[in-house]
Protein chains: 2
Amino acid sequence: MQVLSTTEENYLKSIYQLLKDGGEKVGTNEIAALTGTKAASVSDMLKKLAEKRLLSYQKYHGVSLTEEGAKTALLILRRYRLWEVFLVEKLKFNWDEVAAIAEELEHVKAPPLVRRLDEYLGFPKFDPHGDPIPDEFGEWSHTPRMILQEVPPGSAGKVVAVTNSSAAFLKYLDKVGIYIGARIEVLDKVEFDGSLELRVDGDKTSFLSREVAANLQVILHPS
Amino acid sequence: MQVLSTTEENYLKSIYQLLKDGGEKVGTNEIAALTGTKAASVSDMLKKLAEKRLLSYQKYHGVSLTEEGAKTALLILRRYRLWEVFLVEKLKFNWDEVAAIAEELEHVKAPPLVRRLDEYLGFPKFDPHGDPIPDEFGEWSHTPRMILQEVPPGSAGKVVAVTNSSAAFLKYLDKVGIYIGARIEVLDKVEFDGSLELRVDGDKTSFLSREVAANLQVILHPS
DNA sequence: AATATTTTTTAGACTGATCTAAAAATTACA
DNA sequence: TGTAATTTTTAGATCAGTCTAAAAAATATT
């Protein structure tokens, strides 16, 4: 694994991002827009990263990541998301405040730090936005997630993500005792309005509206 | 408070360091040695930092920090030492492994991060090496410290620092239940060999040799 | 298919931080 | 006190990352 500058890491992360929800190849202008630079600067950097075998680049025809480039991007993403978890779970930041800080922290390279942080956080599989955290080999956890609203009554699982981070929503979740990692059982689903009756952490029983349940993601426990 | 580059921060920190245990003025070569650069580079940087009013600089006659420069250096030191505490207390690194990592983390600028980290760590006043942590205004805690060996019998206090970090020493401390933050009472001092009898955290009673007690620093509780 | 538009690359310049080599100032000492 | 040794500064170059403006290639349009 090569040592990259912060700048190189940021390019790699942006390219990964664009390819993931973009497609096969990504163009210079797109990258420039995402990294906050100009197309000319991107061209230079692409040459550099291609020489390092992190991406394959044909002039005028966009780039894609090599195996190594993709893996490197995933390890950067891993650091980013672990720090997000730390900031939210330990330092009590709100989910929408952590992006900028995590972007600074992700470039701290010391390798044992990442391992210890992961351990300290309890090997989380998802970040506070519900995005999966790659493992130390750059592999995804393949545990499937469901939207709570779509979980059939009788199932039990764990809240792994929230897809709305308005203050009001978070406050509400707090009130009914739901948090990332909370164990939940779906007891019943009300036909009339789609609301759910559920047990949280084995004791408290709550009713959640369809709107709320649609913004919670869970992984199910094998039944 | 101006925004400084990582490089500028490192120079400032080094200069602070040299002045603290050096004296009035510090020379270009010394700074170069500590920052791992050459005297010529230091000259350039001194000009730059002098223009930013962080230090006062007269050609050929060394530098000293201005009020603002010293305060800035202390806030960098604050970040450094808070991260040290985090790495040791939370991530369970050994005291002698954290320097390089903390040096990377100290340059993460997001201001709310430092406040939250401080709070999360319980507003520590000393880092794992026993060095004091400046407050958010760049002021020192003025609680005086003593070497445990010199504490008169009958006094009570708290262990705030260890001045030896050999594995054997740490292991021994662990065995007798002493750690940073441990509450101790000096019960008696043996004339013969200068060893101490003390109570740790209100219950366990230990005997510490003079050598060991000479490597522990405490702050005394008002009696 | 020829031309117009858009995208990408190149050329050349700038900034921040660094270096080496040479010049200048300070300090040491004979 | 005058010369030698040391320290510091300057001059000029290099490197990474960026920019603007112009050239080149690809794509779209008529």
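Below, chains carry the letters A, B, ... as their sequence lines are ordered, and counting in each starts from 1. Keep in mind the model is a prediction, meaning the values are calculated, not measured.
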Among side-chain atoms of S64(B) and S56(B), is any donor-acceptor pair under 3.5 angstrom? yes
Neighbour count >12 (heavy atoms, 6.0 Å) for atom [atom1], [X]:
{"X": "Q2(A)", "atom1": "CD", "answer": "yes"}
{"X": "K20(A)", "atom1": "NZ", "answer": "yes"}
{"X": "K52(A)", "atom1": "NZ", "answer": "yes"}

Side-chain donor/acceptor of K189(B) to backbone N/O of Q149(B), under 3.5 Å: yes
Are [X] and [N] close enough that a side-chain N or O sits under 4.0 Å from OP1 or OP2?
{"X": "K59(B)", "N": "dT10(D)", "answer": "yes"}
{"X": "Y11(B)", "N": "dG16(C)", "answer": "no"}
{"X": "S41(B)", "N": "dC19(C)", "answer": "yes"}

Which nucleotide in the set [options] lies at the smallest distance from any side-chain heavy atom of [X]?
{"X": "M45(A)", "options": "dC19(C), dA11(C), dT18(D)", "result": "dT18(D)"}
{"X": "T7(B)", "options": "dT8(D), dA26(D), dT18(C)", "result": "dT18(C)"}
{"X": "D44(B)", "options": "dT8(D), dT10(C), dC19(C)", "result": "dC19(C)"}
{"X": "K38(A)", "options": "dT10(D), dC19(D), dT18(C)", "result": "dC19(D)"}

In whole angstrom, give the distance that lies between atom [atom1] of [X] and atom [atom2] of [N].
{"X": "N10(A)", "N": "dA16(D)", "atom1": "CG", "atom2": "C1'", "answer": "15 Å"}
{"X": "Q58(B)", "N": "dT9(D)", "atom1": "CD", "atom2": "C1'", "answer": "15 Å"}
{"X": "K47(B)", "N": "dT10(D)", "atom1": "NZ", "atom2": "C1'", "answer": "7 Å"}
{"X": "K52(B)", "N": "dG16(C)", "atom1": "NZ", "atom2": "C1'", "answer": "10 Å"}
{"X": "H61(A)", "N": "dA25(D)", "atom1": "NE2", "atom2": "P", "answer": "12 Å"}
{"X": "E30(B)", "N": "dT6(D)", "atom1": "CD", "atom2": "C1'", "answer": "14 Å"}
{"X": "I31(B)", "N": "dT18(C)", "atom1": "CD1", "atom2": "C1'", "answer": "16 Å"}

Output for pair (L216(B) CG, L148(B) CG), nearest 0.5 Å, gives 5.5 Å
Which protein N or O atoms sit under 3.5 Å from an N or O of nucleotides 1-7 of chain C?
none

Check step by step if side chain to side chain contact (heavy atoms under 4.5 Å, CB included) holds for E84(A) and D131(A). CA-CA 11 Å; E84(A) 280 192 317; D131(A) 296 313; 5.8 Å; no
Between A40(A) and S5(A), which residue's closest nucleotide on DNA chain D lies nearer the 5′ terminus? S5(A)
